[in-house]
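Reviewing the structure listed below.
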Amino acid sequence: MARVYIEDLRNHVGEEVTIHGWVYNKRSSGKVRFLVVRDGTGILQCVMVKGVVSEEVFNHSDALTQESSLAVTGKVKKDDRAPGGYEMELSNIRIYQIARDYPITPKEHGTDFLMDIRHLWLRSARQHAILRVRHEIIKSIREFFDNRGFTLLDAPIFTPAACEGTSTLFETEYFDLGKAYLTQSGQLYGEAGAMALGKVYVFGPTFRAEKSKTRRHLTEFWMVEPEVAFNDLNDNMELAEEFLEHIVSSVLKNRPKELLALERNTAFLENVKKPLPKISYSEAVEILKKKGHAFEWGNDFGGTDETVISEEFDRPVIVHRYPSQIKAFYMKRDPQNKDLALAMDVLAPEGYGEIIGGSQREDDYDMLVQRIKEHDLPQSAFEWYLDLRRYGSVPHAGFGLGVERTVSWICGLEHVRETIPFPRMIYRLTP
RNA sequence: UCCGCAGUAGCUCAAUGGUGGAGCAUCCGGCUGUUAACCGGAGGGUUGCAAGUUCGAGUCUUGCCUGCGGAGCCA
C-alpha cells in the first residue's frame, strides 16, 4: 500500500493509498460522513457511506475529534465538490491518538489567545501559507548570493560590545570575561569577511532589547547582510534592487497558492523590477513638505514619514545620502558634502517601512578613529575592526535586510509577529 | 518610558444602573453529498484584582494587574 502526501494525490487517482495526518474537521449527514484530514501538504476530504464502508470503520470515526492523529486508507477520486478537487473513499482508519478538547475551533480567535498556543496555531492553513512564503524568501535569499559567488559568513551571536553603539542590547555573563551581549548586527564581522573573501553574506538571528511595541518590531529577528569589497554606494543600491527583484519574483513564481490563501493583492509585488526609484534624503524631505507634513531637515524619518514617502511610489523606493549625524559611525561621508553619509534605506510600499538599511563604509583609518571618538565608543573594542583599515583598506559597502519585515510586506500582514514561528516580543517569551 | 484602548463561559462576542445571554468547542439525539454543514437538547460563570458610590454595579468612580495599538528606537 503506497503512502503518499495530499499534495501528490493528483497522480494517484483511482489508486488505493494511505494518508497519515490529523483530523482538520468532520461533518456528518447521518449515513454519509465527511472527514477532513490534513497532512501538512494539504487537506483531503474523506467520505464514508454507511453500508458501503465497514460498520467497524464507520463507528470508529465517531471517536475522532479535531487534530486527532490517524492514517486513512482509501481510493482516490476526482470530485469537484471536495476542497482541493480530490477526495478519498475511505476503506480503513487507523487511529494514532484521540485529541481531547483542541483549543482552536473553526471560528474566529484573537491574536493574543492564538499566540499563547502558537505551537498549535502553526497547524492552521493561514500560518502554513505564511511559513511557506517565509521559507521561499529565505531560500531565494541564499540562492541569490550563492549564485553570485558570495560566501556565507556566520557572525558570532555573543559579542563583546555594541556594533553601532546606539541600540539597547541583551546582556549576559560570559564566564570570567565579564559581560557579553547578544549581537544586534553581524555587519562588522561581515566587513572582515569581505576583506578576506571578497563578497560575503551574514545570515542569522539578531537581538534588540529596545522596548518597542509596534507591528514592525520583534526582540529577536533574522537579518541577511551582504558585504562586498570594492563596492561603492551605487553598486550597493544596484545589488539591493536586483536582490529584491529576485526575492519577490521567486515568491510570485513559486508560491502563488500561498499568496492567494493570504488574499494578497500582488499588484505592487509585480512592480518590483530593476531599476527601483532612487531619491536623496533631501528629495524625500521635499516630498514630505510638499504633502504638507511638518519635517525639519536633519531629523530621521519616523514610521509615518516613511509611509508618506513610500506612497509616492508604486514599488519600493531607495532613499540615499542621509545626514551623517543620524547615521552609524562606520558610514562613509559623502565627498561632495561632508554633512551627508553614503547611506541608503529601502522603504517598502503600502506602509511597510524600512526593509533594508545599508551604506558604503568608512575605509579611512583616521576618519574612522575620529568617528569612534565622536560617538563616544570605546576604541579598544574596535581595534580589530580598525585593523581592517590598517591592512589593505578598500572601498566597500553592504546592507542588511530584515527577513520578518520582508515576509510581512510580501504576505501583506498586519504585524511581523506572524512571520516567524515563535516570535519574541517585549511581553512574550513563550511558547 | 510616555499617550490611547480593552479585559464577561475553553474561544469569539452581546447584555439602558434592575433575574448575566448567543455562536463555536464538548456531551446526547436527528439527518445519504457536507463545504466554518445543518436541526433539537444538555453541561459550562468569583464579569481581571481590590476598594468605593448606590436600595441595587458586568455597567459609574479610584487604584492596581494583564494585554492591544501608537510614539521614541530601528530591520
Side-chain angles (χ1 to χ4, degrees), chain A residues 24-36 43 45-53 58 62-63 65-67 77 79-85 87 89 98-117 120-121 124-125 163-169 184-187 204-225 299-307 326-328 345-348 352-358 399-409 414-417 419-420 425-428:
Chain A
Y24 197 66
N25 200 359
K26 63 174 186 178
R27 293 182 281 269
S28 167
S29 179
K31 306 226 165 40
V32 183
R33 287 181 179 171
F34 301 91
L35 194 62
V36 183
I43 62 169
Q45 172 165 287
C46 305
V47 187
M48 277 170 284
V49 178
K50 194 179 176 76
V52 176
V53 70
F58 193 80
D62 263 345
T65 54
Q66 199 185 347
E67 288 303 316
K77 284 171 35 184
D79 193 315
D80 292 335
R81 291 171 296 186
E87 66 178 20
E89 222 166 72
I98 298 294
R100 293 285 171 219
D101 296 327
Y102 186 68
I104 301 178
T105 65
K107 284 280 180 178
E108 289 169 13
H109 298 282
T111 308
D112 190 46
F113 169 74
L114 291 168
M115 271 301 171
D116 282 338
I117 47 170
L120 302 176
W121 191 16
S124 306
C163 289
E164 307 183 10
T166 49
S167 295
T168 316
L169 305 186
Q184 62 161 332
S185 165
Q187 184 211 306
T206 303
F207 308 87
R208 304 271 167 97
E210 293 289 347
K211 293 187 173 176
S212 298
K213 290 177 64 171
T214 83
R215 65 184 70 190
R216 302 185 306 279
H217 288 87
L218 296 170
T219 56
E220 177 183 316
F221 63 97
W222 285 69
M223 192 154 65
V224 57
E225 302 174 281
N299 291 337
D300 206 354
F301 300 128
T304 322
D305 303 319
E306 290 178 351
T307 303
I326 55 169
K327 286 294 181 183
D345 285 356
V346 179
L347 307 182
Y352 281 92
E354 186 183 343
I355 51 171
I356 282 181
F399 60 82
L401 170 113
V403 171
E404 286 73 19
R405 284 192 185 174
T406 305
V407 176
S408 185
W409 162 52
E414 287 294 311
H415 199 301
V416 288
R417 66 191 158 195
T419 64
I420 186 166
M425 291 172 280
I426 171 174
Y427 46 82
R428 181 174 294 283

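To find a chain, count down the sequence lines: A is the first, B the second, and so on, and within it residues start at 1. All values derive from a computational prediction rather than experimental measurement.
- In this structure a side-chain-to-backbone donor-acceptor pair under 3.5 Å is missing from A:S408 to A:E404.
- Side chain A:R405 to base B:C74: a donor-acceptor pair is found below 3.5 Å.
- Salt-bridge check for A:D62 with A:K26: failed, with every basic side-chain N at 4.0 Å or more from each acidic carboxylate O.
- The closest side-chain heavy-atom distance from A:T206 to A:W222 is not below 4.5 Å.
- A:P83 comes within 4.0 angstrom of a nucleotide base, judged by non-hydrogen atoms across all strands.
- Between A:K26 atom NZ and B:G33 atom P the separation is 18 Å, expressed in whole Å.
- Rounded to whole Å, atom C1' of B:U34 lies 16 Å from atom NZ of A:K31.
- Of all nucleotides listed (B:U32, B:C73, B:C11), B:C11 comes nearest to the side chain of A:H109.
- Looking at heavy-atom distances under 4.0 Å, A:E414 makes no contact with the nucleic acid at all.
- For B:G56 and B:G67, the C1' atoms lie 31 Å apart once the distance is rounded to whole Å.
- With hydrogens and angles ignored, the 3.5 Å screen pairs no side-chain donor or acceptor of A:Q187 with any backbone N or O of A:F399.
- When the P atom is used for both B:U54 and B:G72, the distance is 46 Å, rounded to whole Å.
- If you take atom P in B:A50 and the same atom in B:C74, they sit 43 Å apart, rounded to whole Å.
- With rounding to whole Å, A:Q66 atom CD is found 18 Å from B:G10 atom P.
- If you take NE2 on A:H109 and CG on A:D116, they are separated by 13.0 Å, rounding to the nearest 0.5 Å.
- Between A:Q184 atom CD and B:C74 atom P the separation is 10 Å, expressed in whole Å.
- In this structure, A:T406 reaches neither bases nor backbone, as no heavy-atom distance under 4.0 Å exists between it and the strands shown.
- The C1' atoms of B:G58 and B:U19 are separated by 14 Å, rounded to the nearest whole Å.
- When each of A:V416 and A:G30 is assigned the nucleotide of RNA chain B with its nearest heavy atom, A:G30 is the one assigned upstream, toward the 5' end.
- A donor-acceptor pair under 3.5 Å links the side-chain atoms of A:T65 to the main chain of A:A99, judged by distance alone.
- When heavy atoms are screened at a 4.0 angstrom cut-off, A:D345 is found touching no nucleic acid atom at all.
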Which atoms of nucleotides 27-29 of chain B (N or O only) lie under 3.5 Å from a protein N or O atom, and what are those distances?
none

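- Shown here for A:N299 and A:I326, the closest heavy-atom pair between the two residues is O-CD1, 3.7 Å.
- Separation of the P atoms belonging to B:G63 and B:C2 is 14 Å when rounded to the nearest angstrom.
- If you measure from atom CG of A:D101 to atom C1' of B:A9, you get 14 Å, rounded to the nearest angstrom.
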Just the atom pairs and distances: protein N or O near nucleotides 66-69 of chain B's N or O, under 3.5 Å.
from: B:C68; atom 1: OP1; to: A:Y427; atom 2: OH; distance (Å): 3.0
from: B:C68; atom 1: N4; to: A:K213; atom 2: NZ; distance (Å): 3.4
from: B:G69; atom 1: OP1; to: A:H415; atom 2: NE2; distance (Å): 3.4
from: B:G69; atom 1: OP1; to: A:R417; atom 2: NH1; distance (Å): 3.1
from: B:G69; atom 1: OP1; to: A:R417; atom 2: NH2; distance (Å): 3.1
from: B:G69; atom 1: O3'; to: A:R215; atom 2: NH2; distance (Å): 3.3

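- The side chain of A:F113 lies closest to B:U12, out of B:U26, B:U12, B:C73.
- Among the heavy atoms of the strands lying under 4.0 Å from A:I356 are primed sugar atoms or P, OP1, OP2 only; no base atom is included.
- The shortest non-hydrogen separation linking A:Y352 to A:R216 is O-CD, 4.2 Å.
- Residue A:G353 is classed as having no contact, given no heavy-atom separation below 4.0 Å to the nucleic acid.
- If you measure from atom CD of A:E354 to atom P of B:C73, you get 12 Å, rounded to the nearest angstrom.
- With hydrogens and angles ignored, the 3.5 Å screen pairs no side-chain donor or acceptor of A:R405 with any backbone N or O of A:V416.
- Across the C1' atoms, B:C60 and B:G69 are found 26 Å apart, a figure rounded to whole Å.
- Contact detail for A:P103 and A:L120: the closest heavy-atom pair is CG-CD1, 3.7 Å.
- Shown here for A:V36 and A:R27, the closest heavy-atom pair between the two residues is CG2-NH2, 3.6 Å.
- The side chain of A:T304 lies closest to B:A71 when the candidates are B:A75, B:A71, B:G33.
- Residues A:R81 and A:Q45 bring no donor and acceptor atom of their side chains to less than 3.5 Å of each other.
- Remark: RNA chain B forms stems of 3 or more consecutive Watson-Crick or G-U wobble pairs, all pair distances under 3.5 Å, at B:1-7 with B:65-71, B:10-13 with B:21-24, B:26-30 with B:38-42, B:48-52 with B:60-64.
- If you take atom P in B:C68 and the same atom in B:C11, they sit 16 Å apart, rounded to whole Å.
- Across the protein-nucleic acid pair, A:N299 atom CG and B:C74 atom C1' stand 16 Å apart, rounded to whole Å.
- Between A:H217 atom NE2 and B:U1 atom C1' the separation is 15 Å, expressed in whole Å.
- Panel note: side chain A:E225, backbone A:G186; a donor-acceptor pair is recorded below 3.5 Å.
- The cationic atom of A:R33 (NZ for Lys, CZ for Arg) lies less than 6.0 Å from the six-membered ring centre of A:F58 and within 45° of the ring axis.
- When heavy atoms are screened at a 4.0 angstrom cut-off, A:R216 is found touching base atoms of the nucleic acid.
- Stacking of A:F221 onto the six-membered ring of B:A75 is present: less than 5.5 angstrom between centres, less than 30° between planes.
- In this structure, the nucleotide among B:G10, B:U32, B:A75 sitting nearest to the side chain of A:T105 is B:G10.
- Distances were taken from every side-chain heavy atom of A:R81 (C-beta onward) to each of B:U34, B:C73, B:G10; the shortest belongs to B:U34.
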